[in-house]
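This report concerns only the one structure given below.
Within every chain, numbering begins at 1; the chains are lettered A, B, ... in the order of the sequence lines, protein sequences first and strands thereafter. Below, each value reflects all heavy atoms present in this structure, side chains not excepted, and no hydrogens, waters or symmetry copies.
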Amino acid sequence: MEATAISKIGQRAGSTARVRGWLYNKRSSGKIQFLIVRDGTGYVQCVVPRADVSPETWEAAEKATQESSLAVTGAVREDRRAPGGFEMSATAVEILGPSPEYPISPKEHGVDFLMNLRHLWMRSSQQHAVLRVRSEMEQAIADFFYEREFVRIDSPILTGSSVEGTSTLFETDYFGDKAYLSQSGQLYLEPAAAAFGKVYCFGPTFRAEKSKTRRHLTEFWMVEPEVAFLEFEGLCELAEDFVVFLVRRALERCGEDLKRLERDGTKLEKVQKPFPRITYREGIRHLQQKGFPVNFGDDLGADEETALCAESERPLIVSRFPTAIKSFYMQPDPQDPEVVLGLDMLAPEGYGEIIGGSQRIHDLALLEKRLEEHKLPREAYEWYLDVRRYGTFPHAGFGMGLERLVAWVCGIHHLREAIPYPRTLKRIYP
RNA sequence: UCCUCAGUAGCUCAAUGGCAGAGCAUCCGGCUGUUAACCGGAGGGUUGUAGGUUCAAAUCCUACCUGAGGAGCCA
């Protein structure tokens, strides 16, 4: 008999089905055993009454330990007592692969232990739910840009020049030359915007920051749109539309997973346009009134960000930062030349910055000047300057960290659970 | 890089200078509707490593190793 996906088991109610998967948990009571089987699409309870099955089937059910792979055949029926609403009365249980002494028990474990067993931990229901939400968000990202006729441009992972300083770059040998793992696809997207108009890239990025917090990974996935002739106001709207689209998608298609994660959906339902916006100057004033010792020119730390977001249930857009604390390529505000047309989007509930973006400098002379001020090696950027030499145009873009979005949407504490195999300061295994 | 905390059974944790313990997991037994099932029994230890103090160290001291939480920086 052909196997049925457990997610589709309800369609077989009243008839016989065969499922293949792994034993998630088992409870027994003398003459009856309950096997919870998972196959990646869902969970189903299989009931094995001793009186109704062959001795071989009874023995197989008894021998099956946590995470043994199994094939179970039986009659499907609705039953309120079963988790999921349907259960199978097993007529045959076959152990496909035994699983002696599975290390992750249904009880509590520490972070280090679970992270060393990440390859097994992803079988656990909550981890499984997070990674399914991540997959849905990846699909939603592709859909959002496809619907808006963006062209996906894959930027290189191995690069010769950096967007920001070289201190946070992973260096590697490239046939005797130095190469670096990409920190951002932006420099490669700007030329592509001149070729295609609306473009985006989506892939892994690498930061050798020695940061050790729940908001940082050394390898994370970033999605970056870049749009020709888009100016700052339009950029803010694009970022807003994007986040609203992604959160709505999670609510529409990840209900089961969010429920398993005990995520409060009402908080996500409040993520609607328009998002509150403040400028950096206004933010500094608010913070000073609340007693924070901050002045124009200071970077906003974690506590400051949390204080600014405290009043809002929607993401907050902070814009127009001092030129000195931002990257070399950001366009100055014509109304206020001390600040640049950059934005940070801060997620509510303390999840912090999920998006950073800006309008880019399109004037060649100004960009050359900024490269010099930031002491960046001019030669490495010659090709990038060509974007301004041959038909320059105003343009803007942003980057969104996928793991930060997923952590926020799922309501999980640490970014390391929002990626299948996290890379952190102290972890490159498994 | 800095600050703080923690390393004891496979896992989560007790034992505060005086006999190394419990729950879960594993194995054995019991129970015909379990929901992290429950009940009884068994096995399981170089207390992170090295040194020191002491009649006596898991416990106090020193160094190192490993991990966690936070800061800075960022997405």
Side-chain angles (χ1 to χ4, degrees), chain A residues 24-36 43 45-53 58 62-63 65-67 79-84 87 89 99-117 120-121 124-126 163-165 167-168 183-186 202 204-224 239 243 298-305 321 325-327 342-347 351-357 398-408 413-416 418-419 424-427:
Chain A
Y24 193 66
N25 202 357
K26 179 170 69 171
R27 304 176 195 97
S28 68
S29 185
K31 305 285 188 293
I32 185 165
Q33 297 183 72
F34 301 91
L35 314 184
I36 311 287
Y43 304 80
Q45 173 161 282
C46 302
V47 188
V48 188
R50 186 168 204 170
D52 302 348
V53 300
W58 178 258
E62 276 208 310
K63 270 194 185 159
T65 54
Q66 195 187 353
E67 290 302 324
D79 193 310
R80 221 175 289 147
R81 293 168 295 186
E87 67 178 22
S89 294
S99 171
E101 311 251 349
Y102 187 70
I104 302 176
S105 73
K107 293 276 179 178
E108 285 169 30
H109 299 284
V111 171
D112 187 40
F113 176 76
L114 290 170
M115 276 302 167
N116 286 333
L117 296 173
L120 300 177
W121 192 25
S124 299
S125 67
Q126 294 210 338
V163 178
E164 281 130 48
S167 61
T168 61
Q183 296 192 306
S184 163
Q186 184 195 323
F202 186 25
T205 41
F206 306 87
R207 306 260 167 108
E209 290 162 359
K210 295 205 169 163
S211 40
K212 211 177 118 38
T213 81
R214 65 197 173 96
R215 294 188 308 280
H216 290 90
L217 298 168
T218 54
E219 177 178 324
F220 65 98
W221 279 59
M222 185 154 69
V223 52
E224 296 171 275
V243 170
D298 292 343
D299 235 326
L300 301 181
D303 289 349
E304 285 85 6
E305 279 188 4
F321 300 91
I325 59 170
K326 286 292 173 179
S327 300
L343 76 96
D344 281 358
M345 188 190 288
L346 309 177
Y351 280 91
E353 186 179 342
I354 51 171
I355 282 179
F398 65 77
M400 185 191 74
L402 176 66
E403 291 76 17
R404 287 187 179 178
L405 173 86
V406 171
W408 167 46
H413 182 70
H414 201 299
L415 244 50
R416 64 189 162 211
I419 185 168
T424 61
L425 191 54
K426 295 288 186 184
R427 194 170 293 281

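- Backbone-only contact: A/Gly301 has heavy atoms under 4.0 Å from sugar-phosphate atoms and none from a base.
- Contact of A/Glu87 with B/G33 (side chain to base): a donor-acceptor pair of N or O atoms is detected under 3.5 Å.
- Each of A/Glu353 and A/Arg214 was matched to the nucleotide of RNA chain B holding its nearest heavy atom; the match closer to the 5' end belongs to A/Arg214.
- Of the two residues near RNA chain B, A/Leu300 and A/Gly30, the one whose nearest nucleotide lies more 5' is A/Gly30.
- At a threshold of 4.0 angstrom between heavy atoms, the contacts of A/His109 are confined to the sugar-phosphate backbone, with no base atom among them.
- Salt-bridge formation is detected for the pair A/Asp112/A/Arg427: a Lys NZ or Arg NE/NH1/NH2 atom is positioned less than 4.0 Å from an Asp or Glu carboxylate oxygen.
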* Asked: Which dot-bracket notation, 5' to 3', represents the base pairing of RNA chain B when pairs are defined as Watson-Crick or G-U with both distances under 3.5 Å, crossing pairs as [ ], and inter-strand pairs as |?
  -> (((((((..((((....[..)))).(((((.......))))).....(((((..]....))))))))))))....

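- Considering only side-chain atoms of A/Lys426, the nucleotide from B/G33, B/A68, B/A75 that sits closest is B/A68.
- Taking side-chain N and O atoms only, A/Arg27 has no distance below 4.0 Å to OP1 or OP2 of B/C38.
- Rounded to whole Å, the distance from CG on A/Leu117 to P on B/U12 is 10 Å.
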Taking only N/O atoms, report every protein-nucleotides 22-30 of chain B pair under 3.5 Å with atom names and distance.
unit_1, atom_1, unit_2, atom_2, d
B/U26, O2', A/Glu101, OE2, 3.0

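- Spacing of C1' atoms, B/G43 relative to B/C28, comes out at 11 Å, to the nearest Å.
- Distance from the side chain of A/Leu217 is smallest for B/A75 among the nucleotides B/A75, B/C11, B/U34.
- Residue contacts shown for A/Gln45 include a base, since a base heavy atom lies under 4.0 Å away.
- Counted by atom type alone, A/Thr168 and A/Gln183 present one or more donor-acceptor pairs between their side chains at under 3.5 Å.
- Regarding contacts with the backbone of B/U66, every side-chain N or O of A/Arg427 stays at 4.0 angstrom or more from both OP1 and OP2.
- When the nucleotides B/A71, B/C11, B/G33 are ranked by their closest atom to the side chain of A/Phe34, B/G33 comes out on top.
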Protein-nucleotides 4-9 of chain B N/O pairs under 3.5 Å:
none

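- Between A/Ile32 and A/Arg50, the closest side-chain pair of non-hydrogen atoms is not below 4.5 Å.
- Taking the C1' atoms as reference points, B/A15 lies 25 Å from B/G69, given to the whole Å.
- Looking only at atom types and distance, the side chain of A/Glu224 has a donor-acceptor partner in the side chain of A/Ser184 under 3.5 Å away.
- Rounding to whole angstrom units, NZ of residue A/Lys31 and P of B/U32 are separated by 5 Å.
- Under 3.5 Å, the side chain of A/Arg50 and the base of B/C31 form no donor-acceptor pair of N or O atoms.
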